[in-house]
Amino acid sequence: MKSMHAASAVLLGAAVILSACATTPPPPTTEMTKAKAAIEQAQRAGAREYSTEYLNASMAKMELAEAASAKGDNERATRLVAESYADAHLAQISAQSAKSAKAAADVDKSIVTLQDEASRTSTP
């Protein structure tokens, strides 16, 4: 009788342990790859110059995600990777927007310069 209770307890304990393992999310390796690619795209878009805050936040969250994943905290790692990806995308869009605004300002400045030149040469 005691051996049946002991066996039942062992089986129950094993079932609990196995179910805990089954609910642990896998490491976010694919998501990490995508987020790292987004960071690289943001850097190529000029985020270091135009969107440093978002780029730095993305890189910091990626480091935290890698550390969490290494410790087996895959749920936290997955959340941080998603945040890193979002920050990297925001950095890229912000950098592209800032570069476009700068280019537009340069065009406006050139137009004003050309208008000044045109008015000077047409005045006797």
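Just the heavy atoms: all of them, side chains too, but no hydrogens, waters or symmetry mates, feed the values below.
Residue Val112 belongs to no hydrophobic cluster, having no ILVMFWY side-chain heavy atom closer than 4.5 Å to its own. Annotation for Leu80: hydrophobic cluster partners, listed by chain and number, are Leu64 (ILVMFWY side-chain heavy atoms under 4.5 Å, direct or chained). In this structure, Met62 shares a hydrophobic cluster with Met32, Ile39, Leu55, Met59, Val81, the cluster being traced through Ile, Leu, Val, Met, Phe, Trp and Tyr side chains under 4.5 angstrom apart.
Asp116 contributes atom CG, which lies 12.0 Å from atom CD1 of Ile111 (distance to the nearest 0.5 angstrom).
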Output side-chain donor-acceptor pairs under 3.5 Å for residues 98-105, partner residues at least two apart or in another chain, one line each.
unit_1, atom_1, unit_2, atom_2, d
Lys99, NZ, Ala45, O, 3.3
Ser100, OG, Gln96, O, 3.0

Enumerate, atom names and distances included, each donor-acceptor pair closer than 3.5 Å involving a side-chain atom of residues 84-94, sequence neighbours excluded.
unit_1, atom_1, unit_2, atom_2, d
Ser84, OG, Ser58, O, 2.8
Ser84, OG, Ser58, OG, 3.2
Asp87, OD2, Lys61, NZ, 2.9
Ser94, OG, Leu90, O, 2.9

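The existence of a salt bridge linking Arg79 and Glu75 is excluded, since no basic side-chain nitrogen approaches an acidic carboxylate oxygen closer than 4.0 Å.
Residue pairs meeting the side-chain hydrogen bond (donor to acceptor under 3.5 Å, both in side chains) criterion with at least one member in residues 29-57, sequence neighbours excluded, are Lys36-Glu66.
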